[in-house]
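Sending over a structure as structure tokens; questions will come in a sec.
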Amino acid sequence: MKLHNNGSLFLSKRVFSCLLGLAAASIIVHGSALAQNSKQPPAQAPTAQQNSPAPANSVPPLQLDSDVALHHLNQVINWYRHSTTNVRSVGLPSDAIYQDNAKNLGAQVVKLAFQSAKAESAIITAAHKNNGSNQPGESTQAQRLAQIQARTSAQIEQLQSQLRKVEVQLRRAAASKRLGLTSQRGALEGQLEMQKALLDAVQKMSNFVASNGEIAGGIEGDIDRLAKSIPEVLGTENGQKPVATPTTTPKPSLANAGGLISEAITLYDYMSAVHRIDSLITETGYTRDVADHLRAPLRDALRATIRQSQDLANQTPATDPQQLQAQRQTFQALTERFKRLSTAMMPLSQELIVLDDAKTNFEEWRSSISRESRFVLRSVLLRVGGILIALALILVLSEVWRRVTFRYIGDPRRRRQFLVLRRVVIGFLIAIVLLLGFVSEFSSLATFAGFITAGIAVGLQAVLLSVAAYFFIIGRYGIRVGDRISVAGITGDVVDIGLVRFYLMELAGTGLDFFPTGRIVVFSNSVLFQTGTPLFKQIPGTEYSWHEVVVMIAPGGNHRVAEDKLVDTVNSVYSQYRQEIERQHAGIERRVDIQVQVPRPEARLQFADAGLELLVRYPVELRRAPDIDEEMTRAVLELINTDECLKRAVAGTPKIRSAIKG
């Protein structure tokens, strides 16, 4: 008996030595455990107290907090969701690799965390049972049904055993005892049928409860509920199909597409991704701290277990059978405790390693994006600098153009045309620079510009027509400031000419003597294209018009004498400004390619409603027309009053009128 007990104790020590090796490997996973353990003083020689038999229940109970374990699971789940969804692909080829690594590492962390949590829940449940207390919410409907099912199954087995015994007795019994045994068999069969019906009902209810997802209470129930929140990772472990996560196709990189806007958007995406990855790195470190905090009591308990087992192994082998039995029970308790602790601690240690790998993955991802963002930032700065330099050159060209125009072009009309052309060219160049600098996708731009152009053509039809008319107005035969024109029944002098409209100082009068009314009339340039409102202006370079002196020939009067004397009088007045009219006519010949006769007074004899009418048409300067007409009136009246022959030839009062209608 002693040899047998000593041999059993020797085998237990060898088994525990192997377990100690596993414990050492488990503690070395994160580095510092054995280092601290190796610094402890060597074990002293066994004392008398150590030689005393250890009781079977000398292993101290474990004190683990279920709230810490649940907090660890919640933090791991939150970290997993953030690490797999918070960072989107920014278009780099390496993004897919880093995203896939983050997803795989996150799934490993979740599985290890739940594996450790289930092992801890078993330790906590065992500790509560040893203490004689139950966890709150431990008895659920599923557990009660399981208990009823177990009791019913046991009763069915007992009834079947009794029924088999009765069958044996019935085959061997005499005829006088068969009736009683037959009645007993019937009663047992009735009870058996009843218990089978009860078991069937309990099984159906258990299946219904299981299919509707009732979860156990306590920490185990909390763990199951948390596991159901991430079926894409733990779906296969809980009897469910894993949820297929949608694959996000990485968006194309805009960094190589060209264009300031696209590069600025890309740079913003890069910086946002770096910020989110930094937050994930911080959260990974916090998750690791939570896991390490949860591992600390397990590691301390495992050290205490190893130390206690070493102390027990260093004791002098006992010879008393009771002491040997107590030591063997203590070794078994320590071995069972070691297995539970290592089962809970090993996944945590592996989880810490995987979290370190995930942190390294995030850091490398951040480095790749930061490195690419520096190239994009450099490209943005170069493009902005190029745009600013191009705009500066265009503005310098504009200023040089303006100074050259004012220095070498003296004609105000030509100067204005060159300044307008300067604005158009400079605006076009600025638009081209901005277009090439900000826009990258010209195919999309062409489509977009087509729709925009169609909308502008419809919505701004009048404005576009006015802009087009502006270039006709400032053309060779257009109008300029100071011209006297007639448009839409209004006569006036041009005050200003804009890109979409021009301004007239309104003139009013009898047709011979015009005077300002004090009003400014505004016309759209598009009036040039309206057939119902013609525009009248002088030939370029001329400022004269035609007036007429009209007299009625008396019945029997000598119209030839009247014509000769009236023409001489008109010529005498016309001779005072003849040179100015001929100068303007010379300007017409230089500007116009058609032959125009020299303006001079000429007489016409025609029939009118009142009789025979004699008129003499003569040119007048527009600016001096009232003065010339007044001088002509005085000369004609003096001629009629002093010449008796002419007085007898004419009838009525002479009139002066404009030869141009409208």
Side-chain angles (χ1 to χ4, degrees), residues 1 4-5 8 12 55-57 59 61-62 118-225 227 237-240 321-322 325-326 328-333 335-337 339-340 343:
M1 183 66 182
H4 176 73
N5 291 336
S8 300
S12 298
N57 58 353
V59 179
L62 293 175
K118 290 179 181 179
E120 290 182 39
S121 67
I123 296 175
I124 294 173
T125 303
H128 281 287
K129 288 182 179 179
N130 293 333
N131 295 334
S133 61
N134 293 326
Q135 290 179 271
E138 186 178 11
S139 178
T140 62
Q141 186 176 3
Q143 293 176 344
R144 291 193 297 270
L145 289 174
Q147 295 173 0
I148 295 173
Q149 185 176 357
R151 288 197 303 267
T152 305
S153 299
Q155 291 179 2
I156 290 175
E157 291 179 358
Q158 183 179 2
L159 289 173
Q160 289 177 346
S161 176
Q162 294 177 3
L163 187 59
R164 285 193 298 271
K165 291 180 181 180
V166 171
E167 290 286 347
V168 173
Q169 293 177 3
L170 188 60
R171 285 195 301 270
R172 298 177 181 179
S176 59
K177 296 182 179 181
R178 286 182 176 275
L179 182 61
L181 292 174
T182 303
S183 299
Q184 186 179 358
R185 184 182 64 178
L188 290 174
E189 288 178 350
Q191 293 180 11
L192 182 61
E193 292 296 330
M194 180 64 184
Q195 294 298 326
K196 287 183 177 180
L198 178 61
L199 180 62
D200 183 64
V202 171
Q203 287 178 348
K204 290 181 179 179
M205 190 64 186
S206 299
N207 294 333
F208 175 78
V209 170
S211 62
N212 283 271
E214 184 184 13
I215 302 175
I219 184 174
E220 294 181 355
D222 294 334
I223 292 174
D224 292 338
R225 278 186 286 270
E237 298 180 1
N238 294 277
Q240 303 174 0
Q322 294 182 355
Q325 183 67 22
R328 185 168 61 241
Q329 292 178 357
T330 303
F331 271 118
Q332 290 177 353
T335 302
E336 184 66 25
R337 179 176 181 177
K339 289 180 179 179
R340 291 182 177 179
T343 304

- Dump the intermediate steps for side-chain contact (heavy atoms from CB on, under 4.5 Å) on T182 and R185, then the final yes or no. CA-CA 5 Å; T182 303; R185 184 182 64 178; 4.1 Å; yes
- Query: With no hydrogens and no angle check, is any side-chain donor or acceptor of S161 less than 3.5 Å from a backbone partner on E157?
  - Reply: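 Not a single qualifying donor-acceptor pair exists.
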- Looking at CG of L198 and OG1 of T152, how far apart are the two atoms once the value is rounded to the nearest 0.5 Å?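 Here the interatomic distance stands at 4.0 Å.
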- Message: Minimum heavy-atom separation for V166 and L181, please, with both atom names.
- Response: CG1-O, 3.6 Å
- Query: What are the two closest non-hydrogen atoms of L170 and R178, and how far apart are they?
  - Reply: O-NH1, 3.1 Å
- From Q169 atom CD to E167 atom CD, the distance as rounded to the nearest 0.5 Å: 10.5 Å
- Query: Using 4.0 Å as the upper bound for N to carboxylate O, is an ion pair formed by K204 and D200?
  - Reply: yes
- Message: Once rounded to the nearest 0.5 Å, what's the spacing between atom OG of S153 and atom CD of Q203?
- Response: 7.0 Å
- Message: Once rounded to the nearest 0.5 Å, what's the spacing between atom CG of L188 and atom CD of Q195?
- Response: 11.5 Å
- Check salt bridge (charged side-chain N to carboxylate O under 4.0 Å, His left out) between R164 and all other residues, then give those that pass, not counting sequence neighbours.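 Here no residue qualifies.
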- Item | Contact check, side chains of Q160 and K196, non-hydrogen atoms, under 4.5 Å |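 Result yes, sub-4.5 Å side-chain heavy-atom pair found.
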- About how many Å separate CD of Q155 and CG of L192, when rounded to the nearest 0.5 Å?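 Output value for this atom pair is 11.0 Å.
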- From I156 CD1 over to R151 CZ, what is the distance, rounded to the nearest 0.5 angstrom? 13.0 Å
